[in-house]
Amino acid sequence: MALLSNKRILVTGIANNRSIAYGIAQSLHREGAELAFTYHTDKLKLRVQNLSKNFDSDIVLPCDVSEDSCIDKLFVELNKKWSTFDGFVHAIAFAPTDQLTGDYVDTVTREGFTLSHTISSYSFVGIAKACRNMLTNSASLVTLTYLGAMRATPYYNVMGLAKASLEANTRYMANAMGPKGIRVNAISCGPVRTLASSGIKNFKKMLLCYQRQSPIRRNISIEEIGNVAVFLFSDLSSGITGEIIYVDGGFNIASNIDDVEQSM
Ligand code: NAD
């Protein structure tokens, strides 16, 4: 039997078919979940509508998470289709491109700091707050984070701080929502070439570094991230909440110096 039959899951963050949210949607759909989608701007509306057809969904709603009124409206509209649902994927992040290059201390600004935290971290709890009453008693919420939350990573800069905030947010949300049976977890994934990651300076080098130094000696795919999301939305993970689960080929646990030796 499919792992997610009878589950209704809202997927945010699809910009195109290379988005991590798209890979997650593919896996959730394969396991029988009924899906609804959000899109950020009018420019993305038609594209997300077209992509949603791959998942037999006709629920595609606007949501710019920088506006509380937009988040609230999303659930007024979703409520017309689903009175309750079983969780959501939060695959949203943003920092101005000028913040993702150069020396952290030189480039960070109050405005860049505030914006990246609001969009990339606050929005996770902001969405949960707005739909709390629509979530079932075994709902699961999943967000996407990166190792830059734990380690100072060149050029990731203020986004690393926003991800650290998002990971703390995951734990606080898990603790607050756990008594109702709602679980909240984050997937910390290795680098994937997407629209968002193309804004990070030297991203190609990051991919190469993971390919050479991860225990599995390759980069991970959006399908592999999607499969872990299936686990987190399924009842198989019913005892797990507040966790950061790495899908990075083991990069975060290893310290392989072969690459350095070869260049000496
Ligand atoms: P992507 O560009 O495909 O997705 C990012 C999404 O965020 C887009 O759909 C965009 O429309 C949305 N977004 C930005 N601002 C928004 C706003 N104000 N309101 C609503 N939506 C908004 O890139 P992706 O890499 O698939 O990113 C998805 C998540 O995965 C992000 O949280 C990202 O930080 C995280 N992540 C990505 C990587 C990677 O290497 N690509 C690694 C680790 C974590």
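Just so you know, ligand 1 is whichever comes first in the structure, and atom 1 is the first atom listed for that ligand. Quick caveat: nothing in here was measured; it's all calculated off a predicted structure.
- We find the NZ-OG distance between Lys7 and Ser140 to be 8.0 Å, quoted to the nearest 0.5 Å.
- Among Cys63, Gly190, Ala91, the residue whose heavy atom lies nearest to atom 28 (C) of ligand 1 is Ala91.
- In this structure, the separation between OG1 on Thr153 and CG on Leu147 is 5.5 Å, given to the nearest 0.5 Å.
- Every atom of ligand 1 with a heavy atom of Ile14 under 4.0 Å away is listed here by number and element: 9 (O).
- Close to ligand 1: Phe203, with a non-hydrogen atom less than 4.0 angstrom away.
- Close N/O approach between Tyr156 and ligand 1 is not found [any backbone or side-chain N/O within under 3.5 Å].
- For Lys163, every heavy-atom contact with ligand 1 shorter than 4.0 Å involves the side chain, none the backbone.
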- Quick one: do Leu135 and Leu141 satisfy side-chain contact (heavy atoms from CB on, under 4.5 Å)? Show the steps, please. CA-CA 10 Å; Leu135 292 171; Leu141 316 184; 4.1 Å; yes
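- For atom 18 (N) of ligand 1, the closest heavy atom belonging to the protein is Asp64 OD1, 3.0 Å.
- Protein heavy atom closest to atom 2 (O) of ligand 1, with residue, atom name and distance, is Ala196 N, 2.9 Å.
- Between the side chain of Asn185 and the backbone N or O of Ile240 there is at least one donor-acceptor pair closer than 3.5 Å.
- Remark: ligand 1 atoms within the under-4.0 Å shell around heavy atoms of Leu44 are 11 (O).
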- Message: Using the rule given for side-chain contact (heavy atoms from CB on, under 4.5 Å), can you reason through Thr38 versus Val65, listing the C-alpha separation, both sets of side-chain angles and the distance that settles it, and then say yes or no?
- Response: CA-CA 10 Å; Thr38 68; Val65 296; over 6 Å; no
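- No N or O atom of Tyr146 sits closer than 3.5 Å to an N or O atom of ligand 1.
- Interatomic distance, Asp64 CG to Ile119 CD1, rounded to the nearest 0.5 Å: 6.5 Å.
- The heavy-atom pair separating Ile220 from Cys189 by the smallest distance is CD1-CB, 4.1 Å.
- Ring centroid separation for the pair Phe37 and Tyr22 does not come in under the 6.0 Å cut-off.
- Distance from atom 30 (O) of ligand 1 to its nearest protein heavy atom, with residue and atom name: Leu144 CB, 3.4 Å.
- Side-chain atoms of Asn157 come within 3.5 Å of backbone N or O of Gln99 as a donor-acceptor pair.
- Close N/O approach between Asn16 and ligand 1 is not found [any backbone or side-chain N/O within under 3.5 Å].
- A distance-only check finds no donor-acceptor pair linking the side chain of Ser123 to the backbone of Gly126 [under 3.5 Å].
- Considering only non-hydrogen protein atoms, atom 9 (O) of ligand 1 sits nearest to Gly13 O, 2.9 Å.
- In terms of heavy-atom proximity, Tyr156 sits nearest to Leu100 at O-CD2, 3.5 Å.
- Contacts of Ser197 with ligand 1, taken as heavy-atom pairs under 4.0 Å, involve the side chain alone.
- Polar contact check, Val65 against ligand 1: a nitrogen or oxygen pair lies under 3.5 Å apart.
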- Item | Worked verdict on Asp68 versus Lys129 for salt bridge (charged side-chain N to carboxylate O under 4.0 Å, His left out) | CA-CA 10 Å; Asp68 284 343; Lys129 198 177 169 75; over 6 Å; no
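- For atom 31 (C) of ligand 1, the nearest protein heavy atom (residue, atom name, distance) is Ala93 CB, 3.6 Å.
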- Message: Between Leu166 and His90, is the side-chain contact (heavy atoms from CB on, under 4.5 Å) condition met? List the steps.
- Response: CA-CA 11 Å; Leu166 179 67; His90 173 266; 4.2 Å; yes
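- In terms of heavy-atom proximity, Thr12 sits nearest to Ala21 at O-CB, 3.3 Å.
- Atoms of ligand 1 lying under 4.0 Å from any heavy atom of Ile92, numbered from 1 in the order shown and given with element: 7 (O), 13 (N), 16 (C), 20 (C), 21 (N), 22 (C), 32 (O).
- Applying the 4.0 Å criterion to heavy atoms of Cys189 picks out, from ligand 1, the atoms 42 (C), 43 (C), 44 (C).
- Among protein heavy atoms, the minimum distance from atom 3 (O) of ligand 1 is reached at Ser19 OG, 2.6 Å.
- At under 3.5 Å, not a single nitrogen or oxygen of Ile119, backbone or side chain, sits near a nitrogen or oxygen of ligand 1.
- Here's the thing with Pro191: none of its N/O atoms is less than 3.5 angstrom from an N/O atom of ligand 1.
- Remark: ligand 1 and Thr194 share an N or O pair separated by less than 3.5 Å (distance only, no angle test).
- Considering each of Leu115, Thr145, Val192, the one bringing a non-hydrogen atom nearest atom 39 (C) of ligand 1 is Val192.
- Looking at atom 10 (C) of ligand 1, its nearest protein heavy atom turns out to be His40 ND1, 4.2 Å.
- Atom CZ of Phe203 sits about 12.0 Å away from atom CG of Leu208, to the nearest 0.5 Å.
- Ligand 1 places these atoms under 4.0 Å from at least one heavy atom of Ala15: 3 (O), 8 (C), 9 (O).
- Interface of Ile20 with ligand 1, defined as ligand atoms under 4.0 Å from a residue heavy atom, comprises 25 (O), 26 (O), 30 (O), 36 (N), 37 (C), 38 (C), 41 (N).
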